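Here's the structure, in structure tokens; my notes come after.
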Amino acid sequence: MKEECKINYQMMTADKKYMAIVWEDRGEKPMIIHIYLPERYDSLSAEIKKEFPILKRKTQKKFPTTITEKIAELYAGKDVGFDLSCLDLSELTEFSAKVLKQTFKIPRGKVATYSGLAARIGHPGAARAVGTALANNPFPLVIPCHRVVRSDGALGGFGGGLKMKKELLTKEEVIFQDGEKVSEACIFWKS
């Protein structure tokens with residue numbers, strides 16, 4: 001269990017909505033525990049305080065580095081270098097950690113299929129399990145789960161909704177064919 005007194009949060013604006021990070025103060029190395037996709041302020045605030053009840057009694061505290069700006073740039077579709085060492089992966093299963101670390105390697109402007117990602121981590125046939133790991137990704141945008149699609153190029157699912165998933169991919173210059181499916185040319189890993 002995390003030391004409750006060291007858990008903090010910060011909200012930031014994105015496209016007239018709010019995003020947030022929940023983080024733990026560890027002295028020189030603050031660690032991100034969770035990233036929240038853009039929502040209305042009241043909805044987001046309620047969600048954060050439901051998942052982290054200790055934050056009901058706290059006011060926001062600014063994250064001590066420029067990481068919040070980098071997350072906002074990722075949401076805008078920019079190519080941003082990011083260091084995973086600021087993410088607290090300790091609560092993930094070994095399988096989920098493998099999925100998320102491999103997903104992090106999908107370059108901007110490309111996508112992978114669920115089955116291609118499963119094969120890439122040495123678990124061919126585990127496409128559904130990969131989807132479950134991505135559905136529980138606590139670090140969206142930094143771990144670009146929006147860059148994983150079905151084998152036919154259809155979007156599949158996304159915690160922020162399919163509209164946001166398509167918007168994110170479009171900002172990253174992913175090409176769509178027939179309006180809804182990702183072009184074969186943009187698929188990085190496919191099995």
Side-chain angles (χ1 to χ4, degrees), residues 2 6-15 17-39 44 48 51-52 60-114 116-118 120-121 130-131 133-149 155-161 164-174 182 186-189:
K2 308 268 182 224
K6 294 188 175 197
I7 296 177
N8 298 287
Y9 74 107
Q10 179 182 347
M11 289 191 172
M12 54 215 155
T13 58
D15 284 348
K17 291 186 178 181
Y18 289 83
M19 297 172 56
I21 60 171
V22 174
W23 56 282
E24 185 175 8
D25 187 355
R26 295 186 187 167
E28 290 184 28
K29 186 77 174 179
M31 298 293 286
I32 296 173
I33 300 169
H34 200 99
I35 298 171
Y36 290 88
L37 292 167
E39 288 188 47
L44 182 58
I48 291 168
E51 291 182 30
F52 296 93
Q60 294 184 57
K61 184 176 176 183
K62 186 168 173 39
F63 195 79
T65 70
T66 61
I67 285 177
T68 54
E69 289 84 4
K70 286 184 174 188
I71 293 169
E73 288 176 1
L74 287 169
Y75 180 70
K78 296 183 179 166
D79 193 7
V80 177
F82 213 94
D83 177 8
L84 290 184
S85 69
C86 67
L87 303 181
D88 184 357
L89 304 173
S90 67
E91 299 295 319
L92 300 174
T93 65
E94 183 180 339
F95 180 81
S96 290
K98 281 175 90 171
V99 170
L100 298 186
K101 287 175 183 177
Q102 196 66 39
T103 302
F104 180 74
K105 296 176 184 178
I106 303 168
R108 180 186 180 279
K110 298 289 184 183
V111 298
T113 64
Y114 294 100
L117 189 53
R120 189 85 179 161
I121 63 166
V130 164
L134 294 174
N136 294 305
N137 175 12
F139 313 108
L141 302 175
V142 173
I143 304 290
C145 52
H146 62 280
R147 294 183 189 154
V148 184
V149 299
L155 293 179
F158 183 62
M164 183 185 293
K165 184 172 185 172
K166 186 173 183 183
E167 287 172 359
L168 288 168
L169 293 173
T170 300
K171 289 176 189 178
E172 295 178 357
E173 301 176 357
V174 169
V182 172
C186 292
I187 298 178
F188 192 61
W189 294 318

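A quick note: this is a predicted structure, and the numbers were derived from the prediction, not measured.
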Worked verdict on L84 versus L100 for side chain to side chain contact (heavy atoms under 4.5 Å, CB included)
CA-CA 10 Å; L84 290 184; L100 298 186; over 6 Å; no

Straight-line distance of L134 CG to I143 CD1, nearest 0.5 Å
9.5 Å

Under 3.5 Å, is there a donor-acceptor pair between the side chain of D88 and the main chain of C86?
no

Any donor-acceptor N/O pair, K165 side chain to G157 backbone, under 3.5 Å
yes

Quick check for you: to the nearest 0.5 Å, what is the distance between R147 atom CZ and I106 atom CD1?
7.5 Å

Show your working on side chain to side chain contact (heavy atoms under 4.5 Å, CB included) between L141 and M19 and close with a plain yes or no.
CA-CA 11 Å; L141 302 175; M19 297 172 56; 3.3 Å; yes

Checking Q10 now: which residues fulfil side chain to side chain donor-acceptor pair (under 3.5 Å) with it, not counting sequence neighbours?
none

What pair of heavy atoms forms the shortest contact from T68 to M12, and how long is it?
CB-SD, 3.5 Å

Tell me, please, which residues at least two apart from T93 pass side chain to side chain donor-acceptor pair (under 3.5 Å).
S96

Just to verify, what does A20 make a side-chain contact (heavy atoms from CB on, under 4.5 Å) with, not counting sequence neighbours?
M11, Y36, L44, I48

Interatomic distance, H34 atom NE2 to I7 atom CD1 [nearest 0.5 angstrom]
12.5 Å

Nearest 0.5 Å, what's the CG-NE2 distance between L168 and H146?
5.0 Å

Could you tell me whether the side chain of I32 reaches within less than 4.5 Å of the side chain of V142, counting heavy atoms only?
no

Side chains of L92 and P138 in contact at under 4.5 Å (non-hydrogen atoms)
yes

Please, which pairs that meet side chain to side chain donor-acceptor pair (under 3.5 Å) have at least one residue in residues 99-113, sequence neighbours excluded?
T113-S115

Could you give all pairs that pass the ring pair (Phe, Tyr, Trp, His ring centres under 6.0 Å) test and reach residues 61-112, with sequence neighbours left out?
W23-F63, F95-H123

Mind checking what makes ring pair (Phe, Tyr, Trp, His ring centres under 6.0 Å) contact with Y18, not counting sequence neighbours?
Y41

To the nearest 0.5 Å, what is the distance between CE on M164 and CD on E39?
8.0 Å

Spatial distance of atom CD1 (I21) from atom NZ (K62) [nearest 0.5 Å]:
9.0 Å

S85 vs K29, test: side chain to side chain donor-acceptor pair (under 3.5 Å). Steps then yes/no.
CA-CA 9 Å; S85 69; K29 186 77 174 179; 2.8 Å; yes

